[in-house]
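Every chain is numbered from 1, with letters handed out A, B, ... down the list of sequences.
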Amino acid sequence: MNKLEQFCVSLLKNCKNLTSLQQFHAHALKTSLSADPIVAGKLLLHCTVQLSGTLDYARRLLLHTSNPDVFMYNTLIRGFSDSDTPHDSISTFTLMLNNLDSPPDSFSFAFTLKAAANMRCFRTGAQLHCQALTRGLDTHLFVSTTLISVFAECGCLLFARKVFDETPDPNVVTWNAIVTAFFRCDDVKGAEKVFDSMPLKNLASYNLMLAGYTKMGELEFARRVFEEMPVKDEVSWSTMIVGFARCGCFDEAFGYFRELQRVGMRPNEVSLTGVLSACAQAGALEFAKILHGFIEKAGLVWITPVNNALTDTYSKCGSVDMARLVFERMPGKKSIVSWTSMIVGLAMQGYGEEAIGLFHEMEESGIKPDGIVFIAILYACSHAGLVEQGCDFFSKMAKVYGIKPAIEHYGCMVDLYGRAGQLLKAYNFIISMPIPPNVVIWRTLLGACSFYGNVELAEQVQKRLSELDPNNSGDHVLLSNIYAGVGKWKDVAIVRRSMAEMKMTKSPGWSMIEVDKVMYTFIAGAKQDDATKEAYRNLKEIMMRIRVEGGYVPEVMNVLHDIEEEEKEDAVITHSEKLAVAFGMGRLSEGSVVRIMKNLRVCKDCHTVMKLISRVYRLGIVLRDRSRFHSFNGGVCSCKDYW
DNA sequence: GTAGGGTTAG
């Protein structure tokens, strides 16, 4: 570095925001320093790499430089490639071709190809490939490696392989890229074969196998590689934690996290997001609080993904106030994921209006909504009974925001109508959908039919479902519940018999509760362990008291068999959420809120019992079921009996 | 003076 460069670098180091950068720029203009290509280049580099949200300024900087060189174009292309407007990289590349006398180099191609990969644009990738070919740069290692990624991202494994085969002297990075390409295109066996034939493996090669296997749900294979690999670093550990958590194996994720600490490694921001996601699934609020404390002490509060994971975890553990606190105080820039996490958090508690308010706030902050945030807002409307607002969002999605509704959005709409009891509207909506409805859509309507006891429609829906997914026991159970609800015991028996003939078993309901940092699981009708026996003893007394003091009459419609009244009562009493509450009431200290997680939707009888317990015992109960939170206090539920 | 492969949230 010459003296001038050193001077610039030292000055730029202090430019932490756009204003101070502009001051430097003004100074450089006044002293004609900016005419020096090195100075202009450094300025642009700082703008795109060190600062965020200054890409527009960077673009103008380039346009106002009289003779920008290849370096400056490359820097701008690189800046756009990882932004939310990667297509600007492509236009900058074209601008360079038209305006610059010297040709694009390997950097230009590598950066522009990165943008094409992020856009998953095969056409652009192929065009750049041709361009690189004519300039003799296609076999340049950096270019060919990025080409492999582009084609893999676009799902064109054949093209990726061809590039690899034509690379004269592939190094370990090129090999890694082609293994990743196989995984990206869902070819696990192919990935294994290439991995085995690699002439040289470094740590990253093993780590990408862990990532590839866990992403494909091949957890046993991942475990085997993890155990066999010669050296493990924090990426290896993080990959296992994130991978297992993503597959719903939160116990294993907790295990790897404990093990990571046991071998003396420090949790980093990635392993922490993984273990937080495990907490979110398990509803482990106390553990999440400990992790939060650790994150603050370790100075990781600046990292947006960590804050997003915290927001999501607190929401899913029922602590929407903590979620809000994290969300509002997060020091880093809020991304669309941050906003969506908070919107979902509010929605799960039934705060529909607040969720809508947040959506508008997000827009005002300059973030453009995407398809996923629309799922969140439709979910919010559906769980708060805001049918009109939901319809409004749905119609605006395509018309105003230019986002084509996907099958998930249609599913939200069916849920919106279904929950509100507008079953016929839901049905008509389904049959007029421009894309063929899938099982999820029909199942949503079947659930609504069950809730509102509409036998005729349920039978029609079940017919569709048995064509699409004949072996789903949940659908048969729902139908059987609907018959039981209206006393059609003969039909209940028919459904049960056909289930038995097809050797279907009902997937059991379970509930979890955390007491003294231990998670207890209760399963309806399972073999009784000590905790379950304790729960039954408590429950007997509780049920007696709410009968006498709360006027409880059992609601027996969701019992499967045509059995004696007394037996029916026993069957609803054993629902797992009642056991979990009874256990918690015996173990938790006075005044603490009982928090329960359940894998299925809560039934009407359990819902009534929770309300009565909250009144008779003056106890707060928070129940997370499959679709939302119920907060019981003084005999009422936050869902306003709408779920 | 700039790069490519491995882990981060809805």
Side-chain angles (χ1 to χ4, degrees), chain A residues 1-2 5-6 8-9 37-46 48-49 69-79 81 105-111 113-114 117 140-150 152 167 170-181 183 201-212 214-215 233-243 245-246 268-277 280 300 303-313 315-316 330 334-345 347 370-376 379:
Chain A
M1 254 198 285
N2 65 29
E5 284 173 46
Q6 276 174 5
C8 288
V9 168
I38 301 280
V39 176
K42 285 274 181 219
L43 194 61
L44 188 65
L45 184 69
H46 190 80
T48 55
V49 177
D69 58 6
V70 186
F71 177 85
M72 283 186 80
Y73 278 104
N74 289 350
T75 306
L76 191 63
I77 293 171
R78 177 195 177 193
S81 72
D105 58 14
S106 63
F107 289 93
S108 325
F109 280 102
F111 295 144
L113 283 164
K114 181 86 186 293
H140 187 288
L141 270 187
F142 284 94
V143 176
S144 55
T145 309
T146 331
L147 271 170
I148 292 170
S149 313
V150 177
T167 305
N171 64 8
V172 66
V173 183
T174 325
W175 277 94
N176 288 347
I178 191 67
V179 177
T180 302
F183 274 122
K201 298 182 177 94
N202 68 3
L203 193 52
S205 318
Y206 289 95
N207 285 342
L208 69 87
M209 291 305 283
L210 302 181
T214 54
K215 275 181 193 154
D233 66 354
E234 57 179 18
V235 175
S236 329
W237 287 95
S238 309
T239 307
M240 293 302 272
I241 295 166
V242 169
R246 196 185 283 146
N268 67 3
E269 74 264 29
V270 183
S271 51
L272 281 163
T273 56
V275 76
L276 277 170
S277 137
L300 298 171
I303 298 164
T304 301
V306 171
N307 281 304
N308 296 344
L310 269 173
T311 306
D312 182 53
T313 306
S315 293
K316 294 205 172 127
M330 60 190 276
K334 289 185 182 72
S335 69
I336 190 154
V337 181
S338 326
W339 291 92
T340 311
S341 306
M342 197 61 238
I343 289 172
V344 171
D370 64 4
I372 301 179
V373 78
F374 269 103
I375 295 178
Y379 171 92

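Stacking annotation: A:W339 is not stacked on the base of B:dG10 (requires ring centroids less than 5.5 angstrom apart and an interplanar angle below 30 degrees).
Residue contacts for A:F111: at a heavy-atom cut-off of 4.0 Å it reaches a base atom on one of the strands shown. Residue contacts shown for A:T145 include a base, since a base heavy atom lies under 4.0 Å away. Using a 4.0 Å heavy-atom cutoff across all strands shown, A:L276 reaches no nucleic acid atom at all. Residue contacts shown for A:S106 include a base, since a base heavy atom lies under 4.0 Å away. Note on A:H46: nothing from the nucleic acid sits closer than 4.0 angstrom, heavy atoms only. Residue A:N202 is in base contact, counting any heavy-atom pair closer than 4.0 Å across all strands shown. If you check every strand for non-hydrogen atoms under 4.0 Å, A:T75 touches nothing. The residue A:V344 sits apart from the nucleic acid: no heavy atom pair falls under 4.0 Å. A:V179 comes within contact range of no nucleotide atom at all, as no heavy-atom separation falls under 4.0 Å.
Comparing B:dG4, B:dG1, B:dT8 against the side chain of A:N171 picks out B:dG4 as the nearest. Considering only the side chain of A:A211, B:dT7 comes nearest among B:dT7, B:dG10, B:dT2. In this structure, of B:dT8, B:dT2, B:dG10, it is B:dT2 that holds the atom nearest to the side chain of A:D105. Taking the side chain of A:K316 as heavy atoms from C-beta on, and the options B:dG5, B:dA9, B:dG10, the nearest nucleotide is B:dG10. Which of B:dT7, B:dG1, B:dA9 sits closest to the side chain of A:A309 comes down to B:dA9. Taking the side chain of A:T174 as heavy atoms from C-beta on, and the options B:dG1, B:dA9, B:dG4, the nearest nucleotide is B:dG4. Proximity note for A:V337 (side chain, C-beta onward) versus B:dT8, B:dG5, B:dG10: the nearest is B:dG10.
Distance A:D312 CG to B:dA9 P: 10 Å, rounded to the nearest Å. The interatomic distance linking A:L310 (CG) with B:dT8 (C1') rounds to 13 Å, in whole Å. Between the CG atom of A:N308 and the P atom of B:dT8 there is a distance of 14 Å, given to the nearest Å. Atom CE of A:M342 and atom C1' of B:dA9 are 14 Å apart (whole Å). Between the CG atom of A:L147 and the C1' atom of B:dG5 there is a distance of 14 Å, given to the nearest Å. One interatomic measurement links the two molecules: CG of A:N74 to P of B:dG1, which rounds to 14 Å at whole-angstrom precision. For the pair A:K114 NZ and B:dT2 C1', the computed distance is 13 Å after rounding to whole Å. For A:I178 and B:dG4, the CD1 to C1' distance is 14 Å, given to the nearest whole Å.
A donor-acceptor contact under 3.5 Å is not formed by the side chain of A:T239 with the base of B:dT7. With hydrogens and angles ignored, no donor-acceptor pair under 3.5 angstrom links the side chain of A:N176 to the base of B:dG4.
Between the side chain of A:T313 and the backbone N or O of A:L276 there is at least one donor-acceptor pair closer than 3.5 Å. A donor-acceptor pair under 3.5 Å links the side-chain atoms of A:N202 to the main chain of A:S205, judged by distance alone. Side-chain N or O atoms of A:N74 include none that pairs as donor or acceptor with a backbone N or O of A:I77 at under 3.5 Å.
When the ring pair (Phe, Tyr, Trp, His ring centres under 6.0 Å) test is applied to A:Y206, the partners found at least two apart in sequence or on another chain are A:F195.
For A:K215, a side-chain nitrogen or oxygen approaches OP1 or OP2 of B:dT7 to under 4.0 Å. Within the structure, a side-chain polar atom (N or O) of A:R246 is placed less than 4.0 Å from OP1 or OP2 of B:dA9.
In this model, a donor atom of one side chain and an acceptor atom of the other lie less than 3.5 Å apart for A:N268 and A:S271.
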Check against side-chain hydrogen bond (donor to acceptor under 3.5 Å, both in side chains), A:S108 and A:D105: CA-CA 5 Å; A:S108 325; A:D105 58 14; 2.8 Å; yes
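With A:S338 as reference, A:T304 is the one residue of A:I343, A:N307, A:D312, A:T304 to meet the side-chain contact (heavy atoms from CB on, under 4.5 Å) rule.
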